[in-house]
Amino acid sequence: MTLLRRSWLRTLAYGLGLYAVVTVATVATENIHLVPSVLMLGALLIPVTFVVYVFERLDVGMELVPSLAACFVVGGLVGTAAASILEYETLRDLGVLQMLGIGLIEESVKLAIPVVLFVRRRFLDPSAGVLIGIAAGMGFASFESMGYGLVELIQSHGQLGPTEALLAVRGVAAPAGHAAWTGLVCAALWRARARGARGRQWMPVAAAFCVAVLLHTLWDLTDSAALRSGVAAVSIALLATQLHAVRSDGSHRRLTAVAGADGASDGRGAVVRPLAGELNR
């Protein structure tokens, strides 16, 4: 039971339990009113679990949770709605460039809520930034999967099996897709501000966005499991690199702050040390 002390494992275990209960009830009673619950739980389970998993591994406070929820829910709804409208024009007008256009649109709309939080400057730590990006990406992936699940349910004439299989595949792929791509861009954005970037020093943010669009486009261009696995591997590796970087940056800032507080206390005694402790919270 030690493993279940971890929040992400509890989230996964309880979510799987609820999903199993609702699915069994739906099949046993043939009650179509339960189908939306099956779609919702199936689309949300892995994305929510992954956000909790990353949250536990970064040095962020509980005050970030409401903003993460807003990124997930509001960002996901606004992002999918905006992408649907914009992609309609893209599919009609761009021809062979439509996949690149879709990648550009979706990677842009997912950043709507994170950019609002970035401009408001409430959460300055890069750890918060990458987590905000992951939440926004996972919210988008969840609501998108609900739509795909509904289409599959209709096309399979109400068979839950194919729908559940689709939701499972999309859920497993989401951390290496939307979450990784938006997390990569937000990590670059928050890290650039933390370094006091000026002018061309913001170029890594533009580069990260271009990489995210490129990976998204490559994913959409192929149905090959091998090629998609390669894109997924690169995406996860880039996200893992950014997570390691923001954790290292946070550790460095804390060590620097402690060293500065120790040095200041030599001249000003006990007055400075408590103040440094407050600033480091």
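Note that the structure is a prediction, hence the values are computed from the model and not measured. Sequential numbering from 1 along the given sequence is applied to the chain's residues. For the numbers below, each heavy atom of this structure counts, side chains included, while hydrogens, waters and symmetry mates do not.
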Original post:
Could you state the interatomic distance from OG1 (Thr49) to CG (Leu16), rounded to the nearest 0.5 Å?
Top reply: 7.5 Å

Subject >> Shortest non-hydrogen separation from Gln242 to Ala188 and the atoms involved >> reply: OE1-N, 4.3 Å

Subject >> Arg57 NZ/CZ over Phe55 ring centroid, <6.0 Å and within 45° of normal >> reply: no

Original post:
At what distance, to the nearest 0.5 angstrom, does CG of Leu86 lie from CD1 of Ile102?
Top reply: 11.0 Å

Subject >> Nearest non-hydrogen partners of Gly149 and Thr163, listed with the distance >> reply: O-CG2, 3.5 Å

Original post:
Are any side-chain N or O atoms of Ser156 and backbone N or O atoms of Glu152, one a donor and one an acceptor, separated by less than 3.5 Å?
Top reply: yes

Original post:
Between Ser7 and Glu56, is any side-chain donor less than 3.5 angstrom from a side-chain acceptor?
Top reply: yes

**OP:** Evaluate side chain to side chain contact (heavy atoms under 4.5 Å, CB included) for Phe72 paired with Leu44, printing each intermediate quantity in order.
**Re:** CA-CA 10 Å; Phe72 193 101; Leu44 290 174; 3.6 Å; yes

**OP:** First locate atom CD of Glu107, then atom CZ of Phe209, and finally report the distance between them rounded to the nearest 0.5 Å.
**Re:** 6.5 Å

Original post:
Hey, what do you get for CG (Leu117) to CG (Leu68), rounding to the nearest 0.5 Å?
Top reply: 9.0 Å

**OP:** Over 60° means perpendicular and under 30° means parallel, so classify the ring planes of Tyr53 and Phe50, tilted if in between.
**Re:** parallel

Subject >> side chain to side chain contact (heavy atoms under 4.5 Å, CB included) between His216 and His178, worked out >> reply: CA-CA 8 Å; His216 192 149; His178 287 299; 3.6 Å; yes

Original post:
In terms of hydrophobic clusters joined by side-chain contacts under 4.5 Å, are Leu18 and Ile46 together?
Top reply: no

Original post:
Looking at side-chain heavy atoms only, is the closest gap between Val130 and Cys186 below 4.5 Å?
Top reply: no

Subject >> Closest contact, heavy atoms only, Ile105 versus Ala83 >> reply: CG2-CA, 4.0 Å

Original post:
Going hydrophobic residue to hydrophobic residue with side-chain gaps under 4.5 angstrom, can you get from Val21 over to Ile32?
Top reply: no

Original post:
Charged N to carboxylate O under 4.0 angstrom, Glu63 versus Arg122?
Top reply: no

Original post:
Just how far is it from atom CD1 of Ile132 to atom CG of Leu189, taken to the nearest 0.5 Å?
Top reply: 10.0 Å

Original post:
Looking only at heavy atoms, which two atoms of Gly196 and Gln201 are closest? And how far apart?
Top reply: O-OE1, 3.7 Å

Subject >> Thr182 and Met138: CA distance, side-chain angles, deciding distance, side chain to side chain contact (heavy atoms under 4.5 Å, CB included) verdict >> reply: CA-CA 9 Å; Thr182 313; Met138 278 305 200; over 6 Å; no

Original post:
Val172 and Leu166: same hydrophobic cluster, using ILVMFWY side-chain contacts below 4.5 Å?
Top reply: no

**OP:** Heavy atoms only: give me the nearest Ile236-Ala176 pair and the separation to one decimal.
**Re:** CG1-CB, 3.5 Å

Original post:
Quick check: does any side chain N or O of Thr80 sit under 3.5 Å from a backbone N or O of Leu77, one acting as donor and the other as acceptor?
Top reply: yes

Original post:
Tell me, do Leu45 and Leu12 make a side-chain contact under 4.5 Å, heavy atoms counted?
Top reply: yes

**OP:** Could you please spell out the steps behind the side chain to side chain contact (heavy atoms under 4.5 Å, CB included) verdict for Trp8 and Val54?
**Re:** CA-CA 9 Å; Trp8 73 272; Val54 178; over 6 Å; no

Original post:
Does a side-chain heavy-atom distance below 4.5 Å link Leu184 with Leu239?
Top reply: no

Original post:
Are Met62 and Leu64 connected in a single hydrophobic cluster, I mean Ile/Leu/Val/Met/Phe/Trp/Tyr linked by side-chain heavy atoms less than 4.5 Å apart?
Top reply: yes

Original post:
Trp190 side chain to Phe123 main-chain N or O, any donor-acceptor pair under 3.5 Å?
Top reply: yes

**OP:** Rounded to the nearest 0.5 Å, what's the gap from OG on Ser142 to CG on Leu167? Could you check?
**Re:** 10.0 Å

Original post:
Okay, side chain of Glu144, backbone of Ala141: is any donor-acceptor separation there less than 3.5 Å?
Top reply: no

Original post:
For Trp219, does its backbone N or O pair with a side-chain atom of Arg228 as donor and acceptor, under 3.5 Å?
Top reply: yes

Subject >> Side chain proximity check, Val213 to Trp181, heavy atoms < 4.5 angstrom >> reply: no

Original post:
Is there a donor-acceptor pair under 3.5 Å between the side chain of Arg193 and the backbone N or O of Phe118?
Top reply: yes

Original post:
Are any non-hydrogen side-chain atoms of Leu39 and Tyr148 less than 4.5 angstrom apart?
Top reply: no

**OP:** Please tell me if the side chains of Ser127 and Leu131 come closer than 4.5 Å, counting only heavy atoms from C-beta onward.
**Re:** no

Original post:
Same cluster or not: are Leu100 and Val231 linked, directly or through other Ile, Leu, Val, Met, Phe, Trp or Tyr residues, by side-chain heavy atoms under 4.5 angstrom apart?
Top reply: no

Original post:
So which heavy atom on Val60 is nearest to which on Ala128, and how close?
Top reply: CG1-N, 3.9 Å

